[in-house]
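Notes follow once the structure below has been shown.
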Amino acid sequence: MAASFSDIFEGARLSARALLDYGENFFNPTIRLGVTGLSRAGKTVFITALVHGLSRGGRFPVFESLASGRIARAQLAPQPDDAVPRFSYEHHVNTLITERRWPSSTVDISELRLVIGYQRQNGLDQTLTLDIVDYPGEWLLDLPLLDKSYEQWSAESLALSRQQPRARLAHAWHDHLATLRPSAREDEQATLAAARLFTDYLRACRDERFAMSLLPPGRFLMPGNLAGSPALTFAPLDLPSGGIPIDGSLWTMMRRRYEAYKDLVVRPFFRDHFSRLDRQIVLVDTLAAFNSGPEALYDLEAALAGILDCYRVGRSTLLSTLLRPRIDRILFAATKADHLHHTSHDRLEAILRRIVERAASRAEVAGAAIDVVALAAVRATREAQVRCGREKLPSILGTPLAGEAANGETFDGNTEVATFPGDLPEDVKELFSGNGAFRGLSTSAMDQADFRFLRFRPPRLQNEGTGEPSLPHIRLDRALQFLIGDRLQ
């Protein structure tokens with residue numbers, strides 16, 4: 001009964017907040033755009049490039065309202081939420097353009113408000129407020145925990161950790177786990193050791209050699225101000241089927257802290273931020289999975305299915321807006337398309353579409369619009385033809401990051417090179433034909449992997465008169481047209 005009452009109370013709070021948002025939106029049309037993606041997918045770069053392009057009138061031929069001249073201005077406005085950090089747009093622009101470094105990864109939620117003044121197609125002047133909410137994709141993977149008991153989560157986490165390649169990364173944690181008896185008295189030091197080793201296992205899974213994506217609880221890898229707190233000091237236990245925890249036992253202690261994690265971390269994120277989104281873009285570093293191997297690709301597929309299952313999707317109606325807003329547009333974007341020749345971009349889109357198709361079909365049935373695009377929010381390379389004997393290879397030119405290596409050469413971060421990135425297969429099914437479908441870094445040496453996509457520095461830009469130079473991109477305008485173009489008609 002208590003749980004049922006809690007759910008009713010939480011639903012009432014969400015409905016009250018939705019009603020307040022609706023009242024504000026009636027006088028000030030607003031879109032709350034969620035930007036998320038798993039680690040190193042390019043969230044910070046995407047937001048920076050989006051705001052930079054809109055505010056300085058960038059080259060966006062597919063974004064109709066800007067290309068046709070109907071957008072008169074787009075300018076930053078004061079941060080709307082006093083409890084959420086402001087997205088450090090100016091710092092990130094300087095990092096990209098002046099220092100030619102990629103901005104640091106998203107580790108917490110942040111927000112930025114952009115006010116767009118435009119002329120509607122009927123000639124009337126209007127404004128649209130775009131609130132951009134940046135949050136780590138790992139937090140999304142925590143939302144399913146709200147419907148799972150500690151016992152369910154433990155069983156699922158252990159089963160996953162016993163599959164390769166995770167099993168060999170979990171060896172130290174599994175050894176410690178074997179020494180723990182769930183019925184033993186609660187033990188702070190044993191719990192601290194279990195949480196540390198479990199976190200080490202999650203961190204190893206995220207390494208670029210393995211590129212695993214399904215890694216809840218998300219805050220274990222980005223704890224912020226909760227580092228060392230009991231809410232982040234728990235781990236799965238090997239529990240007996242049908243057993244009942246004893247008061248004062250290690251099992252009860254772990255369960256209590258797991259529930260505290262949901263109460264202190266997951267529910268506030270859902271209530272205060274996630275449930276208020278109108279549109280969403282999910283950025284996906286598909287190339288990292290290719291580098292790692294088939295296991296990473298399957299793991300990415302499972303993670304994206306879990307992410308899409310979290311969204312309350314469907315066609316927005318007056319009733320749904322008043323009682324509980326729904327996300328009516330979701331864009332999945334395969335980032336770093338500039339690491340491929342343009343002849344492979346359609347194949348990259350087809351691969352991402354295959355990864356999300358089962359989960360996306362459910363959202364489309366509910367009335368939500370779903371699209372997939374291969375993009376580069378900031379294009380770091382140029383294309384060229386390189387002669388190899390009598391053959392000309394479609395190649396890309398760019399400056400690899402310092403420490404990147406290929407064909408026995410380690411790059412210094414200052415030298416521009418031409419590289420042939422290889423072709424993605426025309427038949428998507430080839431990549432999903434089994435664990436031996438292709439060789440990656442998780443099972444092969446670097447020179448034996450079938451795919452090896454280098455990481456490049458941001459491009460060197462030329463000033464264009466006064467002001468900052470524009471940031472080159474690939475299909476950022478197409479993403480904008482899908483996400484907000486219909487609201488600028």
Side-chain angles (χ1 to χ4, degrees), residues 36-41 43 104-109 135-163 165-177 180 187-239 250-251 253-270 273-274 288 296 299-300 302-303 306-307 310:
T36 195
L38 300 176
S39 179
R40 297 187 289 271
K43 298 177 290 295
S104 55
S105 299
T106 299
V107 297
D108 206 340
I109 194 165
Y135 64 97
E138 287 78 3
W139 293 13
L140 272 183
L141 296 176
D142 281 349
L143 292 181
L145 301 182
L146 294 175
D147 296 322
K148 292 179 183 177
S149 66
Y150 171 72
E151 290 75 19
Q152 289 174 298
W153 172 74
S154 281
E156 292 176 4
S157 298
L158 282 169
L160 198 59
S161 74
R162 286 165 178 158
Q163 300 172 11
R166 292 172 180 262
R168 66 178 183 268
L169 304 177
H171 184 72
W173 168 47
H174 284 169
D175 285 349
H176 179 73
L177 181 66
L180 301 178
D187 185 331
E188 186 69 48
Q189 293 307 309
T191 301
L192 287 170
R196 175 178 56 80
L197 291 168
F198 177 60
T199 304
D200 289 345
Y201 149 72
L202 295 177
R203 189 173 292 113
C205 287
R206 195 171 66 173
D207 182 83
E208 66 175 6
R209 281 188 58 206
F210 305 98
M212 296 286 105
S213 303
L214 201 56
L215 301 171
R219 288 294 183 92
F220 275 48
L221 295 177
M222 43 187 70
N225 60 3
L226 290 174
S229 67
L232 264 66
T233 310
F234 63 92
L237 288 174
D238 213 345
L239 302 171
L250 185 63
W251 183 349
M253 182 183 190
M254 293 285 197
R255 177 199 262 184
R256 182 175 65 249
R257 293 185 174 187
Y258 171 81
E259 294 297 331
Y261 181 83
K262 293 198 293 185
D263 289 340
L264 297 176
V265 175
V266 186
R267 284 193 176 89
F269 167 63
F270 175 78
H273 308 291
F274 181 77
D299 204 70
L300 177 61
I307 284 174
C310 294

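- At least one side-chain heavy atom of E151 sits under 4.5 Å from a side-chain heavy atom of W251.
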* **L215 vs L141, side chain to side chain contact (heavy atoms under 4.5 Å, CB included): CA-CA, chis, key distance, verdict** => CA-CA 8 Å; L215 301 171; L141 296 176; 5.6 Å; no

* To do: Any chance you could lay out the salt bridge (charged side-chain N to carboxylate O under 4.0 Å, His left out) test for R40 and E208, step after step, and finish with the verdict?
  => CA-CA 10 Å; R40 297 187 289 271; E208 66 175 6; 6.0 Å; no

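- Scanning all heavy atoms of the two residues, the minimum distance from L160 to R166 falls at O-CD, 3.3 Å.
- Across D147 and Q152, no two heavy atoms sit closer than the pair O-OE1, 3.8 Å.
- Looking at every heavy atom in both residues, L177 comes nearest to D238 through CD1-N, 3.9 Å.
- The CH2 atom of W173 sits 14.0 Å away from atom CZ of R196, with the distance rounded to the nearest 0.5 Å.
- Contact check for V265 versus W139: no side-chain heavy atoms found under the 4.5 Å cut-off.
- With hydrogens and angles ignored, the 3.5 Å screen pairs no side-chain donor or acceptor of K43 with any backbone N or O of G137.
- In this structure, L250 CG and T191 OG1 are separated by 5.0 Å, a value rounded to the nearest 0.5 Å.
- Considering CZ of F270 and NZ of K262, their distance stands at 13.5 Å, rounded to 0.5 Å.
- The shortest side-chain heavy-atom distance between Y258 and L145 falls under the 4.5 Å cut-off.
- Between L232 and R219, the closest heavy-atom pair is CD2-O, 3.5 Å.
- Relative orientation of the F274 and F269 rings is tilted, given thresholds of 30° and 60° on the angle between their planes.
- How far CG of L180 is from CE of M254: 6.5 Å, rounded to the nearest 0.5 Å.
- Residues Y201 and A170 approach most closely at CD1-CB, 3.5 Å, considering heavy atoms.
- Aromatic ring centroids of Y261 and W153 lie 6.0 Å or more apart.
- Scanning for salt bridge (Lys or Arg N to Asp or Glu O under 4.0 Å) contacts around D108 gives an empty result, with sequence neighbours left out.
- Y150 and R256 are not linked by any side-chain donor-acceptor pair at a separation below 3.5 angstrom, with hydrogens and angles left out of the test.
- The backbone N or O of G218 sits less than 3.5 Å from a side-chain atom of D142, completing a donor-acceptor pair.
- Checked by atom type and distance alone, the side chain of H174 never pairs as donor or acceptor with a backbone atom of L158 at under 3.5 Å.
- The main-chain N or O of F220 is never found under 3.5 Å from a side-chain atom of T199 such that the two would form a donor-acceptor pair.
- Of all the heavy atoms in P136 and V107, the pair that sits closest is CG-C, 4.0 Å.
- Between the OG atom in S213 and the CG atom in L300 there is a gap of 4.5 Å [rounded to 0.5 Å].
- Atoms CZ and OG, on R168 and S161 in that order, are 14.0 Å from each other to the nearest 0.5 Å.
- Proximity of a side-chain donor or acceptor of S154 to a complementary backbone N or O of P236 within less than 3.5 Å is not detected.
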